[in-house]
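Okay, so here's the structure we're looking at.
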Number of protein chains: 2
Amino acid sequence: MADVAQAAGVSAQTVSRVLSGRGIVRDSTRAAVDDAVRRLGYQPNLAARTLATGRTRRLGIILTESTSTARIMVEAGAQAACRRLGYRLTSAVVSTTGIRSLRRAADQLRSDGVEGIIVAAPVTARDRWTPKGFPVVSLDDASAGSPEFVTDQRAIGRLATEHLLELGHRTVWCVCGPAQWPEAKARVEGWHAALTAAGVVVPEVLHGDWTPHEGYRMGRLLAEDPSVTGIFAASDELAIGAMHALWDAGRAVPDEVSVVGVDDIPIAAHLCPPLTTVRQPFARLTDAAVRLLVSKLEHRAASAGDDGLDTQLTRPSLIVRSSTAAPASGTDGTHRSRVAQVDASGAGGRRVR
Amino acid sequence: MADVAQAAGVSAQTVSRVLSGRGIVRDSTRAAVDDAVRRLGYQPNLAARTLATGRTRRLGIILTESTSTARIMVEAGAQAACRRLGYRLTSAVVSTTGIRSLRRAADQLRSDGVEGIIVAAPVTARDRWTPKGFPVVSLDDASAGSPEFVTDQRAIGRLATEHLLELGHRTVWCVCGPAQWPEAKARVEGWHAALTAAGVVVPEVLHGDWTPHEGYRMGRLLAEDPSVTGIFAASDELAIGAMHALWDAGRAVPDEVSVVGVDDIPIAAHLCPPLTTVRQPFARLTDAAVRLLVSKLEHRAASAGDDGLDTQLTRPSLIVRSSTAAPASGTDGTHRSRVAQVDASGAGGRRVR
DNA sequence: TATTCATGCCCGTACCGCTCC
DNA sequence: GGGAGCGGTACGGGCATGAAT
């Protein structure tokens, strides 16, 4: 910075003022400094700036190890939102759902100098915990009350299940991720609530991890049971695995069995058949989460109504494609009846609610 | 740090020595310091350490905006490799393939204090460029010579194409990503080479972006041509879109048309039919890239043979599943003949070469 | 010789002070 | 007198170095 100052014929202080935009500088002086900066290719040293201001303009996000598309979209969304607001994002990964793992992740982020943390990993109610020392926003389920930011995961289970019931299915089976995930639990609760509200039998839930593998394993189990006609898979990856198992077993989707997924990952519209799924507005969710965190950071005296989450924006929506249909009334139904009506762009699907 | 020093009854300097592990400290002193650190919950300030040492232990990676699984796996792999080596990773995103965009990304990373950069975005030969001032490792194609790190993208196109030719297809059509991507170009070259080596006609290449959408669009075009029996899609996402288009058009895979993808993304084994694809060893590639970069950083006097890339490890491999078969010899072939033989784990598939 | 301490410096910014009109 | 415009000094929290015990 001293070099720039010398080249511009001013003091280092003035260079700082020009670069930070704070303070009053004559236009001609500013131009001279800008010119010198360009000529010398000067770039401020962030470490020094951080040391001096005490601010890092860096946020942290705690994620799971999983390579699921949902996780990816959350990270990408947070990354983008941070960039838009002039922040950087550091991620930390937890491999287990235990509190120790979380604490370690938070410590790692703290040492990396983050000013706030977004928790996008499962936090079981028993382990309810928030890292001390900086603001936290959670993309966790609302049930525990304390987190500031929520998606209505229960609504996801409800939407999917009601859709299948409305099509005429007697009941709906559920293929889900690990029981200790709040998302999983809440989606199961929504599914359960929809079934009991309809007064139908509630089958046992199948749990696995979130991989297509496990979807396949659980799908095989369900494929053996001829009474199964409707399946709610708690993620698109699980749904894909389950559909594969059904296909292997010779049970047609949706003619014999209907399947609903969750997430609406990019390829969901291009599966055979295109997958009916519940879309989560990841981009909006992460954007809102980051905004909330930044607003906490920048004027801790909360900006009133702005802090409250617009639940309208974060509501999940059902995307109806071709993996769901009314259950076969007769005994057969093996002909490949439905050629998808998806528009050429492929992204379509009728949007409901 | 001063507080810790006082609590431990030593100087700040000694605390620094204990924490950094450099310098000689009596065991009893070390214990006292460690104890004080724990009691006070002290964590060193990275910005200050960086300012003093000039080292950030942070690497950068330049990625595209795409949300393709391949990109994700590269980032995740690099992230993991960095963590293993005690480095942090910052990512920068480019939206265009132009050199300006690259330069901006590099500047952003520079200002973030990275010590080295991994380039995992397309760099066209015309724009051949390396950011000045720090070491760079590229996950780019080898053709340009200068990058230090390569995958044999040509082999990918060759493997896929030869597989289809060996099955008896007269020729192979190609569905590819943007022509300005070196990966795309190299894969097309491999495909082209395999076709000309076999002395068969070389159809025109279809180009789009890397999304399943575009795969669908291009797939529709190919589906209209009854002479098309074998398709090489340059990514699994493209393959999925193409398969969707074929399905929409009523052309069975693999009975009427065979499809080969690239990447072996997690769901590839669970598509209907399970996708034959060329696997790239992403984890190994990124791990090797990060290691090379770090070795450059830590003892610039290259560690001899270690720097040379073990091409054995980075060789792509063909995973044969059920989306490819010999072309129908008769005029028909519409019955759904093959029930997949994939093992229950679903990850399987015969591995070739 | 084995440890420990004291001082300067890394590179910015905050704060205060000084000059001018 | 007051404000625009700019400079000087004192840090921030560590580490390197040489001096001191």
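The chains referred to below are lettered A, B, ... by the order of the sequence lines, with proteins before strands, and numbering in each begins at 1. The basis for the numbers below is simple: all heavy atoms, side chains too, and nothing from hydrogens, waters or symmetry mates.
At whole-Å resolution of the value, CZ in A:Arg55 and P in C:dG12 are 19 Å apart. The distance from atom CZ of A:Arg26 to atom P of D:dC6 is 5 Å, rounded to the nearest whole Å. Rounded to an integer number of Å, the gap from CG of B:Asp3 to C1' of D:dG12 is 14 Å. For the pair B:Asp27 CG and C:dA2 C1', the interatomic distance rounds to 13 Å; values are reported in whole Å. If you take CZ of A:Arg22 and C1' of C:dC15, they are 13 Å apart, rounded to a whole angstrom. Atom pair A:Leu19:CG and D:dC6:P shows a separation of 14 Å (rounding to whole Å applied). In this entry the distance linking CD of B:Gln6 with P of C:dT4 reads 18 Å, nearest Å. For the pair B:Leu46 CG and D:dG12 P, the computed distance is 19 Å after rounding to whole Å.
You'll find a donor-acceptor pair under 3.5 Å spanning the side chain of A:Arg17 and the base of D:dG7, going by distance alone.
At the heavy-atom level, B:Val15 lies nowhere under 4.0 Å from the strands shown.
Each of B:Thr14 and A:Ser16 has a nearest nucleotide on DNA chain C; the 5'-most of these lies closest to B:Thr14.
Using a cut-off of 4.0 Å between Lys/Arg side-chain N and Asp/Glu carboxylate O, B:Arg55 and B:Glu115 are scored as salt-bridged. Between A:Arg38 and A:Asp34 there is no salt bridge, since none of the side-chain N atoms of the basic residue sits less than 4.0 Å from a carboxylate O of the acidic one. With respect to B:Arg110 and B:Asp107, a salt bridge is recorded, a charged nitrogen being found less than 4.0 Å from a carboxylate O.
For B:Asn45, the side-chain atoms get nearest to D:dG13 when compared with the rest of C:dC5, D:dG8, D:dG13. Taking the side chain of A:Gln13 as heavy atoms from C-beta on, and the options C:dC15, D:dG14, C:dT7, the nearest nucleotide is C:dC15. Side chain of A:Ile24, nearest nucleotide from D:dG5, C:dT7, C:dT13: D:dG5.
A 6.0 Å sphere centred on CZ of B:Arg30 holds more than 12 heavy atoms belonging to other residues, nucleotides or ligands. Around CZ of A:Arg57, the count of heavy atoms belonging to other residues, nucleotides or ligands within 6.0 Å exceeds 12.
Within the structure, a side-chain polar atom (N or O) of A:Thr29 is placed less than 4.0 Å from OP1 or OP2 of D:dC6. A close approach under 4.0 Å does occur between a side-chain nitrogen or oxygen of A:Tyr42 and OP1 or OP2 of C:dG12.
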